Amino acid sequence: MAALVIYFSQTGTTKAAAEKIAGLKKADLVEIKPERPYEMSYGKTVLTSMKEIFTKARPELAMEIPDVQKYDRLMIGFPVWCGAAPNVVLTLLDALDLNGKHAAVFTTSGATKPTKLAVKLKKMYPEARWHKPLNANGVTEEEIRNWM
Ligand SMILES: Cc1cc2nc3c(=O)[nH]c(=O)nc-3n(C[C@H](O)[C@H](O)[C@H](O)COP(=O)(O)O)c2cc1C
């Protein structure tokens, strides 16, 4: 089964997890790049993120939309922002044909686990076949191998 890891990362933590997962799962790797990078302080990013959540924003992307036709497994990674997925991740998910795809989320965070936001994503994109999310904070190779 061909697999694709799609990730967003502001400060590199999720990027490192995404690279580890892609390596172990022999998956291709695509980074989600917003047109306006979140190159700002923690406090400013929190405000921007809260505004985007409240307005259901879909920030523009500066990347090609990956062709997911050739993949049957999608692993989608991002930092937890204000208890949710950063809205730029939703911009990309809106643009993908998720119908029938095996999909799962992995997150990094200060402490928040991905369970609740994975439930939200499942409701937003019911056309995908969602698997258990992975908390990628300090994740081990064995946990990655046993996931999905
Ligand atoms: C805007 C913003 C909101 C955040 N909200 C949360 C949160 O709700 N819960 C949490 O545990 N960590 C939160 N964090 C911490 C990040 O999820 C954490 O540092 C993450 O690993 C960063 O990943 P990155 O290096 O890939 O960007 C937040 C960080 C930022 C910048």
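Because the structure is predicted, anything quoted here is derived from the model rather than measured. For reference, positions follow the sequence shown, starting with 1. When a ligand or atom number is given, it counts from 1 through the structure's own listing order.
Closest protein heavy atom to atom 2 (C) of ligand 1: Trp81 CD1, 3.4 Å. With hydrogens left out, the protein atom closest to atom 5 (N) of ligand 1 is Cys82 N, 2.8 Å, a heavy atom. In terms of protein heavy-atom proximity, atom 13 (C) of ligand 1 is closest to Val80 O, 3.2 Å.
Classification of the Trp81-Phe8 ring pair by plane angle, with boundaries at 30° and 60°, yields perpendicular. Taking the six-membered ring where tryptophan is involved, the planes of His102 and His131 are tilted, since the angle between them lies from 30° to 60°.
When the shell of 6.0 Å around NZ of Lys122 is examined, it contains 12 or fewer heavy atoms from other residues, nucleotides or ligands. Taking a 6.0 Å sphere around CE of Met124, one finds it holds more than 12 heavy atoms contributed by other residues, nucleotides or ligands.
For ligand 1, the polar-atom distance check against Gln10 finds a nitrogen or oxygen pair separated by under 3.5 Å. Checking only distances, Tyr42 never comes within under 3.5 Å of ligand 1, N or O to N or O. Between Ser9 and ligand 1, an N or O atom pair is found at a separation short of 3.5 Å. For ligand 1, the polar-atom distance check against Thr108 finds a nitrogen or oxygen pair separated by under 3.5 Å. At least one N or O atom of Gly83, backbone or side chain, sits closer than 3.5 Å to an N or O atom of ligand 1. Here's the thing with Thr14: one of its N/O atoms is less than 3.5 angstrom from an N/O atom of ligand 1.
Within the structure, every pair that satisfies the side-chain hydrogen bond (donor to acceptor under 3.5 Å, both in side chains) test and touches residues 53-65, not counting sequence neighbours, is listed here: Arg58-Asp94.
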